[in-house]
Structure formats: C-alpha cells, structure tokens
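Following: one structure in structure tokens, then a few remarks.
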Amino acid sequence: MQIKIENGAVAFPFSIKINSVTGKMDDYDTHIERFLSTLVSIFSDPDAAEDFIEKNGDTLAYEVYEKNIPEVNGEIRFCSSITYPGKIGNEYFMTKGHFHSRLDTAEIYYCIRGNGCILMEKKDGNPILEDMYPGRVVYVPGYYAHRSINIGDEPLISLPAYPGDAGHDYKSIEDNGFRHIVVEKNGKPALLENPRYGRMGK
Ligand code: PAN
Ligand code: ZN
C-alpha cells in the first residue's frame, strides 16, 4: 500500500506489521542495508574491521525498514532497526549514529528483540547508556547523538520513532565519532573513552 499524501501530510490512517523474530516490516517503502565494508571507520580500530572482512567476508551489520512518511512537522517517522550481533575486536556491532539536523527533536526506541543499549551523548556532555531488551522504551531527548549497540548474541530489533522534520546529521559523527565506545571487557559491556575521538574521518 502506497501512503497517500495530501497537503504534504499522510492522508489516511494505516498500519503495518513488524516481524518480532526477523525485524522485517511488511509493506515497507525503503530498505537500507549497512555492510561492514561501509562502516570500517566508525570502529575505534578500523584495521581490525578490515581484518574481520578479509577473514569473514563482507558482513551485514545492521539494516532498517521504513515507511516514507513525509519529513515535515507534525508527522511521526518510524522504522524497524535491526542491529546484528558481532564484534570488531572487543567493540560491538552498532549503528553509525547521528544527531538530528533539528537538534531539539527527541526520539523514542521501543525494543522488540535482543539485548543491547543506546549510547547517547550531547556535543560536550557525559555519555548516557540505556539498556535495551524486549519491552524496554528508551527516550532520547533532543541534542543527544544516539546509536544502537548490540551486546547480545541475537539480532537487536527496535522501533525508533521521531518527529518528521528531525532530519539526520551524520557528518558530525563521521568526522569526530562519539566520545565513548562500548566494548566487551571480562565478558561484560564497558564504556571507555574513544581513542580516536575527534579524528574519526582521518
Ligand atoms: C533510527 C536510526 C536507525 C539506523 O531510526 O536511523 O536505527 O541508525 P543510523 O541512522 O545511525 O544509521 C533513528 O535514530 N532515527 O532518527
Ligand atoms: Zn535518530
């Protein structure tokens, strides 16, 4: 079903289903797949990411299914976000992460399956790590960059929802990274300073 738009807004109510095992959305409009080869520079050890790909082949780290809801004030965009289990060295598979282009826009993540966390950081603030497991809702306030991190051994599936006009600023994170990374230490996730913060793009 194509969403009907009138005056720049969704014209009719609609519903979709997200498979709670695979995360696949039925009747989606857009499907984004992020393979490790396109994510090498988000990891704190890009050489380890290259080695991983050499050994295991290019690997799907996360994917997103979404409806094309207008990117305007008043609408709510949502998707199914699926981050796969895995690690580069000790660093867990994760999404690229971003600020919203409209910095003051918030977001909620509803966790459907898996075990992980959302890392949140203001431009100059402390990191906040919130747990994700089925049934858990994480509120990401405006001004916080955010990314999903899978610390488990099954897909981390969530439903993020955010204002239509939020927009996505990936560049700040591509250039600088997050100030912190989440790695496995003694079998548990640990939050460490990112040794490459401020020079991720180099
Ligand atoms: C989410 C994310 C999704 C994929 O819908 O877009 O989890 O992560 P990246 O956008 O960082 O690649 C969201 O936060 N939207 O605003
Ligand atoms: Zn977001």
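Just so you know, ligand 1 is whichever comes first in the structure, and atom 1 is the first atom listed for that ligand.
Contacts between R147 and ligand 1, counted as non-hydrogen atom pairs separated by less than 4.0 Å, are absent for every part of the residue.
Of the polar atoms of S148, none of the N or O atoms is found under 3.5 Å from an N or O of ligand 1, judged by distance alone. Ligand 1 has an N or O atom lying under 3.5 Å from an N or O atom of Y62, backbone or side chain.
In this structure, F78 has no heavy atom closer than 4.0 Å to ligand 1. Under a 4.0 angstrom heavy-atom cut-off, A166 registers as lying outside contact with ligand 1.
Side-chain rings of H168 and Y162 approach one another, their centers coming within less than 6.0 Å.
Atom NE2 is the N/O/S atom of H98 found closest to the Zn ion (ligand 2).
Between E193 and R179 there is no salt bridge, since none of the side-chain N atoms of the basic residue sits less than 4.0 Å from a carboxylate O of the acidic one. Using a 4.0 Å cut-off between a side-chain N of Lys or Arg and a carboxylate O of Asp or Glu, E6 and K4 qualify as a salt bridge. For R199 and D175, the salt-bridge test fails: no basic side-chain N is under 4.0 Å from an acidic carboxylate O.
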Less than 3.5 Å apart, which donor and acceptor atoms pair up between the side chains of residues 123-137 and the rest of the protein, not counting sequence neighbours?
{"unit_1": "Y133", "atom_1": "OH", "unit_2": "R136", "atom_2": "NH1", "d": "3.1"}
{"unit_1": "R136", "atom_1": "NE", "unit_2": "D131", "atom_2": "O", "d": "3.2"}

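The residue from I108, L159, V64 that puts a heavy atom closest to atom 4 (C) of ligand 1 is V64.
Among the atoms of H100, an N, O or S atom is found under 2.8 Å from the Zn ion (ligand 2).
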